[in-house]
Number of protein chains: 2
Amino acid sequence: MTERPHAYLRVADDLREQIKTGALTPGLKLPPQRLLAEEYGVSDILIRRALEILRNEGLIESRQGSGTFVRERPPVRRISMDRYLVDSGPQETPQTSFTHDAGITWSQYRLDKAFAWIEADERLAELFGVDVGARVLERRFVFYAVGEPSQMSRSCLLASDVEGTPVADPRHEPWPGGNTGQLRSLGIKVDKIRETTAVRMPTPDEAERLGIGTGVPVFSITRRTYAQGRVVEVADPIVIPGDRAVREDSIVL
Amino acid sequence: MTERPHAYLRVADDLREQIKTGALTPGLKLPPQRLLAEEYGVSDILIRRALEILRNEGLIESRQGSGTFVRERPPVRRISMDRYLVDSGPQETPQTSFTHDAGITWSQYRLDKAFAWIEADERLAELFGVDVGARVLERRFVFYAVGEPSQMSRSCLLASDVEGTPVADPRHEPWPGGNTGQLRSLGIKVDKIRETTAVRMPTPDEAERLGIGTGVPVFSITRRTYAQGRVVEVADPIVIPGDRAVREDSIVL
DNA sequence: TCAGGAAAGTTCGTATACGAACTTATCAAT
DNA sequence: ATTGATAAGTTCGTATACGAACTTTCCTGA
């Protein structure tokens, strides 16, 4: 690391180094900004800038009125397209794509849900391949694994497919077998799933619901579920905290 | 968007909105901070904070002594595992997985490279499935598409495979057909590729090389290339700016 | 006409300062 | 012993201020 000309960068570099090497261990509380300013011999505003940089990098977390802490690294969850195989497979034990990925059992699983009938806006209509204004069942979920929020999503189904069926009834969630299971109960056989994965910073709302700092990036996945050549389900977006998940993909040539 | 209690967030929101809606078009120069401060009726330091947020989001770019400009939005690049099919396919026109993804021709493609012989550290050894300390050819690349840096990576090959071959000679980069082509030239037939995709904030170094703000998240991909059941190449990490790329994946049930 | 340099404009680094908002620790009163 | 109020500690929002470093414009002089 070459000598930095700017004091706040030097401070940031130094603290980052200490965190990376483990001199500052996760969960540890940093000295108050007052002290840091004194130690480094710079004004408080430079300390604040340095801390903001580290906060953006996801290395630290500030709690107002309490202090600044080195962030804990939560366990990693592996997301793979294979999870959709369990949805459609035999159901010895109840599972969904989510429980599969999170590596948890049905009983450690919980979700918040909110159903609504809406009209497809431009984006949704394009994803579905239907006209704008088409009636759609919008289902918003927040998934918890062992109490920790670890995924939220908005999943949509066409009213023409599900209106008046048990699938449209929130009380049946969570549904063993997940989306694919639900669709199968309607006689719709899912044959292809496409996902578009983007990465971005969370909205303030997402950050709060997922219990992450606003400096932690997220996966934002758009999923299209196909059956007989048409789109039967659209999830847009599926939001997953980036600090506790990785995608796994493979190709055989 | 609800009313924000904090002035600098209001300013940032307002400017962001103007950029998103196109009221401020790419390339345009913003009013100087002095004027902005006056317009919004806040002190200059709040303007600076607001601008820093937008800079981190990759929306604007400040040139010292000159002004602050709305950034040009680079086109979105789609990353899919399909790109590895090109590598191994017939070579009518030279291509690599990178040119395929970026949707560019060979001539719009350029890369910086740096080769070195190193000894495998713990992580690398585990990825390869060899002993720590094994000799490895480390190749660092920065890929440019139409002049814009859009990917950087560290790709490693085992010395036992490549030492003394043309593949180990930097002058042969870029190699038509990419990694797979190189390995084929050594008589190694790639049969499987696995990728682990994480999302995180860029290191300061990565942000600089990729020309992104430190607030723009990146894809960090670890790739393992297999042939006959062993790992013949490891790319760790492949770093791709999150503001100009999305992953595309699909599964057929 | 052209080169050189000064002047103006601009972002950026940095300091001091004060109070608001929030959390934690302390201590007193019931 | 439990509760409730108070104080201390801490981050955060915000203001003013000055000069450094850099870029662009413009003017001067040959």
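For the numbers below, each heavy atom of this structure counts, side chains included, while hydrogens, waters and symmetry mates do not. So that the names make sense, note that chain A is the first sequence line, chain B the second, and so on, each numbered from 1.
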- Message: In this structure, how many angstroms lie between the P atom of dT14(D) and the CD1 atom of I47(B), rounded?
- Response: 11 Å

- Task: Indicate, with a heavy-atom threshold strictly under 4.0 Å, whether R34(B) touches base, sugar-phosphate, or nothing.
- Result: nothing

- For the pair D44(B) and R34(B), find out whether any cationic side-chain nitrogen is under 4.0 Å from an anionic carboxylate oxygen. no

- Specify the separation, in whole Å, of atom CZ of R63(B) and atom P of dC12(C). 11 Å

- Task: Round to the nearest Å and state the distance from D44(B) atom CG to dC12(C) atom P.
- Result: 12 Å

- Round to a whole Å and report the spacing from NE2 of H6(B) to C1' of dA15(D). 16 Å

- Task: Verify the contact: side-chain N or O of R55(B) to OP1 or OP2 of dC12(C), cut-off strictly under 4.0 Å; return yes or no.
- Result: yes

- Message: Starting the side chain at C-beta, find the nucleotide from dT14(C), dT11(D), dA15(D) nearest to L46(A).
- Response: dT14(C)

- Task: Check the distance between dG9(D)'s C1' and F69(A)'s CZ and give it to me in whole angstrom.
- Result: 12 Å

- Quick one: do R171(B) and D169(B) make a salt bridge, cutoff under 4.0 Å? yes

- On DNA chain D, check which nucleotide each of G65(A) and S62(A) is closest to and give me the residue with the more 5' one. G65(A)

- Query: Phosphate oxygens OP1/OP2 of dT24(C): is one of them under 4.0 Å from a side-chain N or O of S66(A)?
  - Reply: yes

- Item | Nearest-Å distance for atom pair CG/P, residues L9(B) and dG13(D) | 7 Å

- Query: Does Y8(B) have a side-chain nitrogen or oxygen under 4.0 Å from the phosphate oxygens OP1 or OP2 of dT14(D)?
  - Reply: no

- Go through the side-chain N and O atoms of T222(B) and E195(B) and say whether any donor and acceptor fall under 3.5 Å apart. no

- When you check the phosphate oxygens OP1 and OP2 of dT10(D), does a side-chain N or O of T68(A) lie under 4.0 Å from one of them? no

- Message: Side chain of K29(B), heavy atoms from C-beta onward: which of dC12(D), dT10(C), dG13(C) has the nearest atom to it?
- Response: dT10(C)

- Rounded to whole angstrom units, what separation is found between the CZ atom of R48(B) and the P atom of dG13(D)? 16 Å

- Note on the structure: Taking dA15(C), dC12(D), dA15(D) as options, the one with an atom nearest any side-chain atom of S43(A) is dA15(C)

- Item | Selected nucleotide, minimal atom distance to Q64(B) side chain, candidates dG13(C), dA20(D), dA15(C) | dA20(D)

- Query: Should the pair D243(A)-R200(B) be classified as a salt bridge under the 4.0 Å nitrogen-to-oxygen rule?
  - Reply: no

- Message: Under 4.0 Å from OP1 or OP2 of dA15(C): is there any side-chain N or O of R49(A) that close?
- Response: no

- Item | Pairing of E57(B) and R16(B) as salt bridge, 4.0 angstrom limit | yes

- Task: Would you kindly give the CZ-to-C1' distance between R10(B) and dG13(D), to the nearest whole Å?
- Result: 12 Å

